[in-house]
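The figures that follow rest on heavy atoms only: side chains count, while hydrogens, waters and symmetry mates do not. Because the structure is predicted, anything quoted here is derived from the model rather than measured. Counting starts at 1 for both ligands and their atoms, following the listed order.
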Amino acid sequence: MRVGNRVAVLAAIVAGLLALPALGQPVVIKFSHVVAPDTPKGKAAARFEELAERYTDGAVDVQVFPNSQLYKDKEELEALQLGAVQMLAPSLAKFGPLGVPDFEVFDLPFIFRDYQALHAVTMGPVGKDLLARLEDKGITGLAYWDNGFKIMSANRPLRMPADFRGLRMRIQASRVLEAQMAALGAVPQVMAFSEVEQALRAGLVDGAENTPSNMYTQGMNAVQPYATISNHGYLGYAVIVNSKFWDELPDDLRAALERAMAEATDYGNSIAKGENDAALAAMRAAGTTEFHELTETERAAWMAALLPVQDAMADRIGAGTLAAVRAASGG
Ligand code: LMR
């Protein structure tokens, strides 16, 4: 081997060694997310950290960064693809900009009656097939984590669809959510989660939709005098990893992490509804927001305004995906 070649080979070996953890050092998994630790996602992530470290005897060090400490919504997906973080749990509404709008099926208004109908999708073959569509993007989907059903909030009461007319409503970056707000006559405004409370406070937007847990843990109730418990749509997550990172892990570590993920998923999904119920109770007790439950007549008017969004977005989501989700959930 010529000296120049030998140097090149040595340099490649050193570079390879530098990329691996030093002998005895744990493999680090940076897990970035945008919500508070005290939420269904925050608690499931903490449980995964604990179990992953236990089941690998400390060979893996999971570092959870909550509250957009590392990255905001859009940046975190870029960071995952670049390998700057290894694990995320973005909401299902945030995969469109990545080129996988299929997940926006979960954003459709009134698509799931309850958690049971949702789980028929996320825990079955339809959910698995959707996760597999991320592989093309260098991303592996590991699990679905629940948050819950959304409520609408604003600086004025929201009883009938006409009450939304002209309101600037913050949404996640989902075309389905854009269509939903437009169907109500509102003006949808895409905004990163970390900016919502301030934007509401400053009057840059008039309202928002979110789960009670997200609303409460960001203090949005302090700046939203009215909210309607509409449960008109679902908000949940896909836990995802950088495929290259995941595939290159030693088999025994990957198996231990899969076990930790399965248990963290069961735990997170078992507490999600309770966390949201507790957050709603806490916001009621705080007294800064007047909560309204839809009457039957109001609910019928919301459904009349919003159900057409389902078929209108079939092309965006994929007619096959929409049909499969409807069939699995009994919708
Ligand atoms: C939002 O942006 O409102 C949510 O996706 C935040 C989250 O991760 O629950």
Side-chain angles (χ1 to χ4, degrees), residues 31-46 48 64-77 79-80 85 87-98 100-101 103-109 118 122 141 143-154 168-178 180-181 186 188-200 204-221 223-224 227 230-240 265 268-269 271-273 275-276 279-280 283:
F31 186 158
S32 173
H33 70 81
V34 300
V35 296
D38 199 13
T39 55
K41 177 161 64 177
K43 290 187 174 184
F48 173 72
V64 180
F65 298 90
N67 266 328
S68 309
Q69 256 169 39
L70 280 190
Y71 300 104
K72 297 201 248 180
D73 297 335
K74 194 164 164 292
E75 290 83 7
E76 68 173 17
L77 281 158
L80 185 83
V85 292
M87 191 173 279
L88 306 172
S91 94
L92 300 163
K94 293 179 183 166
F95 289 89
L98 198 71
V100 196
F103 284 94
E104 291 180 14
V105 71
F106 291 98
D107 299 334
L108 288 171
L118 164 83
T122 53
Y144 289 96
W145 283 0
D146 283 341
N147 189 328
F149 289 86
K150 293 176 288 188
I151 62 184
M152 292 277 198
S153 64
R168 290 161 304 166
M169 297 292 287
R170 179 268 169 172
I171 55 163
Q172 307 175 76
S174 153
R175 289 282 165 77
V176 165
L177 297 179
E178 199 177 300
Q180 169 198 274
M181 290 302 184
Q189 312 263 308
V190 174
M191 187 177 288
F193 183 64
S194 55
E195 290 161 13
V196 181
E197 189 272 344
Q198 277 212 341
L200 290 168
L204 297 176
V205 287
D206 303 304
E209 58 166 9
N210 226 308
T211 61
S213 163
N214 274 352
M215 187 175 169
Y216 178 59
T217 52
Q218 297 298 318
M220 293 182 207
N221 58 308
V223 290
Q224 291 279 264
S230 46
N231 297 323
H232 60 279
Y234 171 75
L235 192 157
Y237 312 102
V239 186
I240 56 177
T265 300
N269 292 352
I271 62 163
K273 183 171 185 309
E275 291 288 314
N276 277 298
L280 190 54
M283 288 193 287

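- Taking the salt bridge (Lys or Arg N to Asp or Glu O under 4.0 Å) definition, one finds that Lys94 meets it with Asp73, sequence neighbours left out.
- Contact check for Lys43 versus Trp145: no side-chain heavy atoms found under the 4.5 Å cut-off.
- Ring geometry for His33 against Phe31 counts as perpendicular: the plane angle is over 60°, on a 0 to 90° scale with 30° as the lower cut.
- Atom CZ of residue Phe103 and atom CG of residue Leu98 lie 9.5 Å apart, to the nearest 0.5 angstrom.
- Judged by distance alone, the side chains of Tyr234 and Asp146 do bring a donor and an acceptor atom under 3.5 Å apart.
- Gln69 CD: more than 12 foreign heavy atoms inside a 6.0 Å radius.
- Around ligand 1 you find Val34, Val35, Lys41, Ser91, Lys94, Arg170, Gln172, Phe193, Asn210, Asn214, Leu235, Tyr237, each with a heavy-atom distance below 4.0 Å.
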